[in-house]
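This report refers to the structure that appears directly beneath it.
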Number of protein chains: 2
Amino acid sequence: LDRWSNLSIGEMLVLESIFWSAGASRHDIATTLRLSKSKANALIAALVAQGLLMEMGHGVPGTGRPAETLCISDQLGVLVAIDLGATSMAIAVLTPSLVVLSQHSEAVDVRDIRLGPGVVLARAKVLVSELLGQCDKSANDVLAIGIGVPGPVNFEVAQLVSPPLMPSWGDFSIRDFMADGFKAPVFVDNDVNIRAIGELWKLQRSVSNFLVIKVGTGIGCGIICDGKIYRGSTGSAGDVGHICVDINGPRCYCGNVGCVEAMAARPAVERLAAEAMERGESDVLRRYADERGYLDANAVGAASREGDVVANRIIQQSGSLVGQMLASVVNFFNPSHVFLTGSIVTIGPLFLAAVRQSVYQRSLALSTRGLHVQYSALGDTGGIVGAGVLAMQEFLKSRSVSR
Amino acid sequence: LDRWSNLSIGEMLVLESIFWSAGASRHDIATTLRLSKSKANALIAALVAQGLLMEMGHGVPGTGRPAETLCISDQLGVLVAIDLGATSMAIAVLTPSLVVLSQHSEAVDVRDIRLGPGVVLARAKVLVSELLGQCDKSANDVLAIGIGVPGPVNFEVAQLVSPPLMPSWGDFSIRDFMADGFKAPVFVDNDVNIRAIGELWKLQRSVSNFLVIKVGTGIGCGIICDGKIYRGSTGSAGDVGHICVDINGPRCYCGNVGCVEAMAARPAVERLAAEAMERGESDVLRRYADERGYLDANAVGAASREGDVVANRIIQQSGSLVGQMLASVVNFFNPSHVFLTGSIVTIGPLFLAAVRQSVYQRSLALSTRGLHVQYSALGDTGGIVGAGVLAMQEFLKSRSVSR
């Protein structure tokens with residue numbers, strides 16, 4: 001790993017540029033960094049000689065890339081990405097170019113106070129060891145660790161700040177706990193922020209101002225502003241779950257009424273579906289509940305695709321409320337894209353259609369002219385990719401600063 | 001003015017640093033720009049020799065500044081600042097350090113289609129000539145012209161974009177019209193954006209993430225994000241006037257219902273007061289209307305200070321709705337400060353109290369911890385100062401780029 005520490009600023013910029021474009025030609029690099037062809041070639045030659053860059057040659061199976069494409073070497077270390085949601089944990093080992101080498105996900109309830117950060121993160125470390133073993137790597141091969149967590153984060157100190165879902169995590173140093181046993185730096189951010197960072201990487205930074213809205217157990221928003229993640233003055237930017245969408249709505253656990261999270265997130269969809277089923281309004285929902293033993297958002301989505309009127313009504317209502325919240329945010333922020341992600345996405349296309357209808361109806365014409373509202377192209381892997389991008393980006397930054 | 005065109009990057013950074021700190025010592029400049037004492041002194045000496053910087057000596061009347069404070073010279077050109085609101089126009093000639101040399105304001109209704117941009121801006125040019133004459137300056141002394149306009153602006157081309165209040169301005173080149181007769185560059189931005197830029201200057205860039213909310217004929221918001229103005233993907237960021245605060249509210253001219261602008265801006269306050277007076281609910285409001293011949297927001301404010309229950313209820317309701325809109329925005333953006341400005345400010349302290357109560361009640365505790373909600377310290381002059389800052393900042397930038 002020592003090879004990463006003797007780099008010039010120019011070499012670092014080349015590595016960064018290649019990382020963010022997911023591979024690039026010599027010509028691309030010279031153009032992007034506004035370097036002469038000879039200067040760019042010299043920097044690249046030095047990096048290839050050090051083994052930090054590799055060339056994708058003709059006929060590399062499955063890549064389809066032209067001969068001269070340069071990538072960051074997959075021989076000089078790996079990244080660890082951890083995406084901790086409210087009810088699940090996904091972990092992956094990735095190359096510095098974000099190719100997944102091994103991965104695993106499992107259910108965990110971070111809200112369970114019997115667990116707490118020590119138990120959850122100890123389990124994460126066991127999984128990381130197993131995943132490193134699966135691809136013949138060790139702790140010493142890890143360049144950096146990126147972690148997303150479901151709550152507001154103070155990024156500098158890598159700690160959660162008064163997390164409503166998981167109060168016992170508030171004073172816990174995730175960085176210290178995870179760093180133990182590794183030589184790698186640990187970076188922690190909010191779970192929706194890492195998805196926004198992942199989306200930015202997927203888009204190769206071609207879009208400067210966009211939002212990623214995650215609808216799952218809760219509702220959160222990651223903000224990309226002028227090409228960078230925006231975290232706010234105390235790290236809680238994007239906390240849109242408690243925006244009021246109905247001043248006469250039901251009370252939320254936060255103490256206010258009509259919060260979009262309480263009325264439209266996955267638990268609300270599942271509760272409304274269960275209530276409708278209990279009232280005997282939908283045979284289709286009843287059938288799914290009988291078959292599966294429970295009625296989750298997936299079942300509601302399946303019922304909707306069968307044309308069940310009740311399921312459709314519930315999904316439309318949820319999408320419409322999310323869209324109403326989004327309309328306020330779009331008027332304020334004027335993004336060019338909004339990407340939806342989180343477990344609600346599996347519920348199907350009707351949800352997206354309802355969100356769109358509501359946003360376009362409620363936002364000003366000027367804010368929605370050219371606005372794209374769509375599902376994230378990263379899907380399920382958004383958290384893992386984002387945590388990997390965070391790890392690599394901050395790793396490169398930290399090396400830059402050290403010179 | 002040629003003296004502004006032969007500057008090195010270092011000299012430009014010194015000028016910028018002094019401009020944004022509203023005067024600085026040699027020591028401050030070296031510290032801020034991370035220059036050695038000798039390097040900083042050399043740059044400053046060159047700028048003093050060229051007459052671009054001046055030293056504020058001992059006993060300069062009324063300044064109270066210590067001897068070594070450096071300011072941008074007031075001998076080498078002036079700035080023109082124009083703040084065009086929906087119903088008024090303020091114009092000033094200022095020194096490059098933003099000392100007002102002459103100013104004038106008058107009523108104008110930009111929504112009046114009989115006027116249009118040609119008539120309104122021709123009047124502005126007449127006023128600029130008069131104001132320059134008042135301080136013995138000519139058009140050739142103008143370094144730059146900064147203009148704020150009440151609608152969404154495409155900053156690069158300096159034009160309004162589909163402005164709802166003033167449709168005939170949409171394709172009009174404000175830059176070309178105003179530049180004619182001057183050698184100075186013209187910069188145009190939204191009227192609330194320039195207030196935000198002015199506030200940033202007033203704060204000497206000590207606050208990085210804040211909002212300026214203007215409540216007057218309409219409601220708009222200027223966004224400072226990571227120390228810079230944020231304009232959004234199509235220039236309409238901060239368009240918060242049409243955020244819905246009551247899904248059962250009255251219809252707004254934009255076509256939607258329950259927009260905060262329709263329910264809480266100055267015209268709504270005045271309409272509610274007139275209706276209450278017509279119903280015979282307030283003798284105090286009746287008295288003001290009789291005395292003045294009309295019932296404006298000032299009169300409602302005066303009635304409130306006398307303790308009139310009806311005036312207080314109307315002001316509280318307006319503040320509460322503005323606060324409700326702000327709560328959504330604060331949850332999303334997590335600013336450290338919100339500054340209120342616009343003609344509603346004259347209505348008195350009760351409005352501010354109602355806004356605060358509503359924001360603190362409706363926003364998440366984490367977003368409001370350490371959040372300051374206050375009236376802008378710039379008051380009435382916010383628009384003029386902001387247009388002046390825009391002019392000087394962009395003037396310096398344009399000179400930087402040219403080298």
Side-chain angles (χ1 to χ4, degrees), chain A residues 151-152 161-164 207-211 221 223 225-226 228 230-249 254-260 321 324-337 361-372, chain B residues 151-152 161-164 207-211 221 223 225-226 228 230-249 254-260 321 324-337 361-372:
Chain A
V161 183
S162 316
V207 179
S208 299
N209 303 305
F210 67 84
L211 305 177
C221 175
I223 306 169
C225 179
D226 284 337
K228 284 189 313 199
Y230 172 74
R231 298 189 173 96
S233 72
T234 60
S236 77
D239 227 335
V240 297
H242 300 276
I243 286 181
C244 177
V245 286
D246 183 354
I247 47 177
N248 302 310
C254 79
N256 279 311
V257 297
C259 298
V260 65
L321 289 168
Q324 197 180 313
M325 174 277 285
L326 255 178
S328 300
V329 161
V330 162
N331 278 344
F332 173 79
F333 191 68
N334 184 208
S336 64
H337 291 71
Q361 190 194 318
R362 276 276 5 158
S363 297
L364 290 175
L366 187 62
S367 310
T368 55
R369 185 188 297 171
L371 172 70
H372 303 273
Chain B
V161 183
S162 315
V207 179
S208 299
N209 303 304
F210 67 85
L211 305 176
C221 175
I223 305 169
C225 180
D226 284 337
K228 286 190 311 199
Y230 172 73
R231 296 187 175 96
S233 72
T234 60
S236 77
D239 226 335
V240 297
H242 301 275
I243 287 181
C244 177
V245 287
D246 184 354
I247 47 178
N248 302 310
C254 77
N256 279 312
V257 296
C259 297
V260 65
L321 290 167
Q324 196 180 313
M325 174 277 286
L326 254 178
S328 301
V329 162
V330 162
N331 277 344
F332 173 79
F333 191 68
N334 184 210
S336 63
H337 292 70
Q361 190 195 318
R362 276 273 8 155
S363 297
L364 289 176
L366 187 63
S367 309
T368 55
R369 185 188 296 170
L371 173 70
H372 303 272

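Note that the structure is a prediction, hence the values are computed from the model and not measured. Numbered from 1 within each chain, the chains take letters A, B, ... in sequence-line order.
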Identify which part of B:Leu211 has an atom lying under 4.5 Å from any heavy atom of chain A, answering side chain, backbone, both or neither. side chain
Under 3.5 Å, is there a donor-acceptor pair between the side chain of B:Asn334 and the main chain of A:Gly235? yes
Is A:Val257 in contact with chain B via its backbone, its side chain, both, or neither, using a 4.5 Å heavy-atom distance? both
Residue from A:Cys254, A:Cys221, A:Cys225 scoring the most non-hydrogen pairs under 4.5 Å with chain B is A:Cys225
Go through B:Phe333 and A:Tyr230 one step at a time and tell me if the ring-ring contact (aromatic ring centres under 6.0 Å, His included) criterion holds. CA-CA 9 Å; B:Phe333 191 68; A:Tyr230 172 74; 4.6 Å; yes
Part of A:Ser336 lying under 4.5 Å from any heavy atom of chain B: both
Please determine, among B:Asn256, B:Asn209, B:Asp226, the option with the most heavy-atom pairs under 4.5 Å with chain A. B:Asn256
Could you look at B:Cys244 and say if it's the side chain, the backbone, both or neither that has a heavy atom under 4.5 Å from chain A? both
Rounded to the nearest 0.5 Å, what separates atom CD1 in A:Ile247 from atom CZ in B:Arg362? 9.5 Å
Check whether B:Thr234 gets within reach of chain A through its side chain, its backbone, both or neither, counting any heavy atom under 4.5 Å. both
Is there a donor-acceptor contact under 3.5 Å linking the side chains of B:Arg369 and A:Ser236? no
Counting only heavy atoms closer than 4.5 Å, note whether B:Val330 contacts chain A via side chain, backbone, both or neither. neither
Taking A:Asn331 for its side chain and B:Gly241 for its backbone only, find out whether a donor-acceptor pair lies under 3.5 Å. no
